[in-house]
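First up is the structure itself, then whatever we jot down about it.
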2 protein chains.
Amino acid sequence: MIKPRSRRGGGRPTIADVARKAGVGAITVSRALRDPERVSEDLRRQIRAAVDELGYVPDPNARALASARAEVFGVLVPSLTNNVFAEVVRGIYDSLSDGPFRVQLGNTHYSGLEEERLLQVFGSQRPAALIVAGIDQTPTARKLLETAGCPVVQVMETGPDPVDMLVGFSHLDGGRTATEHLIEAGYRRIGFIGARMDPRSQRRLAGYRAAMEAAGLFDARLVTTTPVLSSVTLGRELFRDALAKMPALDGVFCNNDDIALGVLFECHRAAIAVPKTIGIVGFNDLDMMQSAFPSITSIRTYRYEIGRRSVAMALAAIAGKRPEQRVVDLGFELIRRESTAR
Amino acid sequence: MIKPRSRRGGGRPTIADVARKAGVGAITVSRALRDPERVSEDLRRQIRAAVDELGYVPDPNARALASARAEVFGVLVPSLTNNVFAEVVRGIYDSLSDGPFRVQLGNTHYSGLEEERLLQVFGSQRPAALIVAGIDQTPTARKLLETAGCPVVQVMETGPDPVDMLVGFSHLDGGRTATEHLIEAGYRRIGFIGARMDPRSQRRLAGYRAAMEAAGLFDARLVTTTPVLSSVTLGRELFRDALAKMPALDGVFCNNDDIALGVLFECHRAAIAVPKTIGIVGFNDLDMMQSAFPSITSIRTYRYEIGRRSVAMALAAIAGKRPEQRVVDLGFELIRRESTAR
DNA sequence: ACGCTGGATGGTAGCGCTACCATGACGGCG
DNA sequence: CGCCGTCATGGTAGCGCTACCATCCAGCGT
């Protein structure tokens with residue numbers, strides 16, 4: 001008589017089925033799958049054959065329960081559609097796709113409270129590692145990260161006091177570099193246009209301000225910001241506002257490339273010459289910046305690489321080889337293009 | 001003597017701890033959490049107090065193991081950075097964020113094999129539902145979907161033979177509508193420019209071809225495609241290729257908005273008048289289309305809504321109320337703008 | 001008064017896997 | 001030649017939760 005399958009299991013083969021078919025103990029199958037070195041060549045072959053024949057796939061839930069550790073990377077980003085985070089997430093997925101780890105992605109919508117809630121949820125799964133965007137967690141969120149009992153990588157920024165590990169670059173320096181470039185190119189009444197003023201944008205603004213003050217050019221009326229989510233259309237609107245406030249504007253540093261593109265389009269529409277009358281600098285250097293007409297100067301950042309590196313560091317920590325360099329600054333690069341070539 | 005915590009558990013409170021503190025059975029705690037209706041008001045209050053005091057969070061792995069069902073939606077998309085899928089994913093996340101369900105996102109990189117592998121991995125978790133992009137699964141992948149034992153929603157397209165449920169629109173009709181619009185606007189030598197020619201782009205091309213042939217305008221030299229991933233820069237290059245092949249081109253239907261933007265920029269750079277000399281139509285109607293100069297005609301699609309609707313249908317099926325309408329066509333809309341206003 | 005029904009509650013036995021420890025075989029060593 | 005470390009393998013006992021069934025207690029009809 002065929003062994004009746006459990007009422008719940010639905011008939012999928014279990015490790016015990018594999019063990020029976022291979023004529024070994026269940027624990028040996030478990031070892032052969034997780035740590036083949038510790039099982040003799042012979043048994044390994046038999047077990048592999050049984051696995052293939054039965055189509056056995058380990059149940060990650062049972063595994064997580066028994067080992068008190070889920071093979072999951074928790075990833076928290078403030079936006080799913082913002083290309084910048086999408087690139088980081090892609091880097092994370094690509095780095096993890098050939099290993100045992102799954103990705104659990106959470107969207108905080110730029111909300112600290114939502115971040116806390118998601119950390120709570122993620123923590124309940126005992127993830128193998130946590131990767132979170134930014135360094136401005138609420139005190140509660142920070143405590144959750146510290147007590148998560150797994151490697152934590154904060155990404156997108158550098159900062160003095162990481163929870164554990166950190167991969168990013170300095171938004172303040174990026175903002176300063178962009179602004180200094182405009183100043184060097186001969187622009188003087190340089191505006192800052194920023195949407196969705198998250199902490200990173202705030203630091204870009206701080207960099208802009210530092211450069212402007214150093215050159216004796218700062219004026220509060222040059223700054224135009226909004227908390228509204230960024231978009232090309234919003235860039236156009238903000239630029240119109242900025243011009244209305246300050247008609248003599250001769251340059252703009254935009255907190256991201258969407259805004260910069262909106263500014264460019266509005267210049268076309270209003271027949272404002274770029275770079276002659278207005279210089280434009282974006283941030284992140286999305287592909288379209290190089291193809292725009294005129295092409296747009298931008299600060300190139302390494303989002304995909306941030307994702308890759310954060311995973312590499314977390315994996316090293318999981319393997320017990322906590323990297324000696326816990327803070328990695330991937331830097332940025334000013335890409336000079338036509339939009340500031342006066 | 002304090003009960004020694006298990007060697008593995010790490011000291012987090014369990015359902016037994018809550019039960020002891022509340023003075024009830026563990027199973028009653030379980031019920032109070034999952035199905036409060038079935039527990040008396042009194043006990044519910046006691047249990048909630050114990051939960052709050054201990055900071056108890058259920059272990060999803062144990063739950064999944066015991067109930068043979070994980071509270072996970074498996075979501076498979078071909079790209080994480082393509083804005084189109086990012087919008088669908090955002091709709092899914094937003095619809096699921098206030099329930100018990102987690103999202104398990106997989107990136108197939110437009111590969112059928114990778115899709116099969118991911119379905120295998122996802123299936124091992126016994127997900128509550130699966131949402132997959134497209135209707136062109138390999139036979140193996142389709143079998144995996146059919147035997148997954150959970151609701152399945154295919155998204156992004158309509159088609160005659162869904163695995164289970166379907167939410168999307170007709171790419172063929174979209175391509176035809178876009179092309180007919182160009183013809184009606186008076187364009188005659190209308191090119192098709194397409195990158196990353198996935199099945200959906202193929203169908204847009206088929207729609208283009210149908211419209212062109214119906215008007216007696218089709219010519220194979222009008223079609224320029226590449227399997228390379230889409231980008232604005234690629235749009236410029238393909239448009240240059242198309243012009244070289246067919247200098248008399250007077251319109252282009254692009255398989256997406258990135259390509260259309262690249263075409264627009266190249267026109268600017270080559271001083272080709274839009275819409276006078278060349279008409280341009282994109283696909284998806286990203287925000288930047290309305291802000292471009294000139295603004296670009298496009299086929300508006302409802303990606304976010306596709307995500308929302310797919311979740312709603314899956315949730316209904318999970319609740320036992322399988323919707324009577326298993327195929328939902330969300331349609332599209334031609335948005336006429338300056339780029340075709342001749 | 002008695003069984004009977006239905007709703008609330010609890011006990012028991014797993015879900016599929018792995019941590020921990022035991023066992024047994026083997027070979028090197030004094 | 002027996003002792004002991006080392007290695008491969010296996011048995012047992014859970015991990016934290018829920019399915020299933022048992023129990024108990026009203027409230028009801030007869």
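Chain A is the first sequence line, chain B the second, and so forth, proteins listed ahead of strands; every chain is numbered from 1. None of the values given here were measured: they were computed from a predicted structure.
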query: Rounded to the Å, how far apart are B/Arg126 CZ and C/dG16 P?
result: 6 Å
Distance in angstrom units between A/Ile47 CD1 and C/dC17 P, rounded: 13 Å
query: Partners of B/Gln46 by side chain to side chain donor-acceptor pair (under 3.5 Å), sequence neighbours excluded?
result: none
field: A/Thr81 and B/Glu87: side chain donor to acceptor below 3.5 Å
entry: no
field: Protein-nucleotide distance (A/Arg34, atom CZ; C/dT18, atom C1'), rounded to Å
entry: 6 Å
- prompt: What salt bridge (Lys or Arg N to Asp or Glu O under 4.0 Å) pairs are there with at least one residue in residues 311-320 of chain B, not counting sequence neighbours?
  reply: none
- prompt: Can you list every pair that meets salt bridge (Lys or Arg N to Asp or Glu O under 4.0 Å) and has a residue in residues 313-324 of chain B, with sequence neighbours left out?
  reply: B/Asp164-B/Arg322
task: Find the distance A/Gln46:CD to D/dT9:C1' and express it as a whole number of Å.
output: 13 Å
message: With the threshold set at under 4.0 Å for non-hydrogen atoms, list the residues of residues 55-64 of chain A touching DNA chain C in residue-number order.
response: A/Tyr56, A/Pro58, A/Asp59, A/Ala62, A/Arg63
message: So for the helix from C/dA1-D/dT30 to C/dG30-D/dC1, with five pairs setting each end axis, what is the inter-axis angle to 10°?
response: 50°
field: Spacing between A/Leu65 atom CG and C/dC17 atom P, to the nearest angstrom
entry: 12 Å
Non-neighbouring partners of B/Arg308 that pass salt bridge (charged side-chain N to carboxylate O under 4.0 Å, His left out), sequence neighbours left out: none
query: Do any pairs count as a side chain to side chain donor-acceptor pair (under 3.5 Å) and have a residue in residues 145-154 of chain B, sequence neighbours left out, and if so which ones?
result: B/Gln137-B/Gln154, B/Arg142-B/Glu146
- line: For A/Arg48, the side-chain contact (heavy atoms from CB on, under 4.5 Å) test, sequence neighbours excluded, returns A/Asp52
Write out a two-atom table: protein N or O, nucleotide N or O from nucleotides 5-10 of chain C, distance below 3.5 Å.
{"unit_1": "C/dT9", "atom_1": "OP1", "unit_2": "B/Ser40", "atom_2": "OG", "d": "2.8"}
{"unit_1": "C/dT9", "atom_1": "OP2", "unit_2": "B/Ser40", "atom_2": "N", "d": "2.8"}
{"unit_1": "C/dG10", "atom_1": "OP2", "unit_2": "B/Gly25", "atom_2": "N", "d": "2.9"}
{"unit_1": "C/dG10", "atom_1": "OP2", "unit_2": "B/Thr28", "atom_2": "OG1", "d": "2.4"}
{"unit_1": "C/dG10", "atom_1": "N7", "unit_2": "B/Arg31", "atom_2": "NH2", "d": "3.0"}

task: Name all residues meeting the side chain to side chain donor-acceptor pair (under 3.5 Å) criterion together with A/Thr140; count only those two or more places apart in sequence or in a different chain, and write none if there are none.
output: none
Nearest-Å distance for atom pair CG/P, residues B/Asp17 and D/dG16: 9 Å
field: Nearest-angstrom distance from the residue atom CD of A/Glu41 to C1' of D/dC7
entry: 16 Å
query: Can you tell me if the side-chain N/O atoms of B/Ser30 get under 4.0 Å from OP1 or OP2 in D/dT18?
result: yes
- request: Find the distance A/Asp35:CG to D/dA8:P and express it as a whole number of Å.
  value: 11 Å
Criterion salt bridge (Lys or Arg N to Asp or Glu O under 4.0 Å) on A/Arg102 and A/Glu71, from CA distance to verdict: CA-CA 6 Å; A/Arg102 292 165 287 155; A/Glu71 289 177 323; over 6 Å; no
field: Inter- and intrachain pairs under side chain to side chain donor-acceptor pair (under 3.5 Å), touching residues 21-30 of chain A, at least two apart
entry: A/Lys21-A/Glu53, A/Ser30-A/Arg34
query: Does B/Leu330 have any side-chain contact (heavy atoms from CB on, under 4.5 Å) partners at least two apart in sequence or in another chain, and if so, which?
result: B/Val167, B/Glu305, B/Ile306, B/Arg309, B/Val328
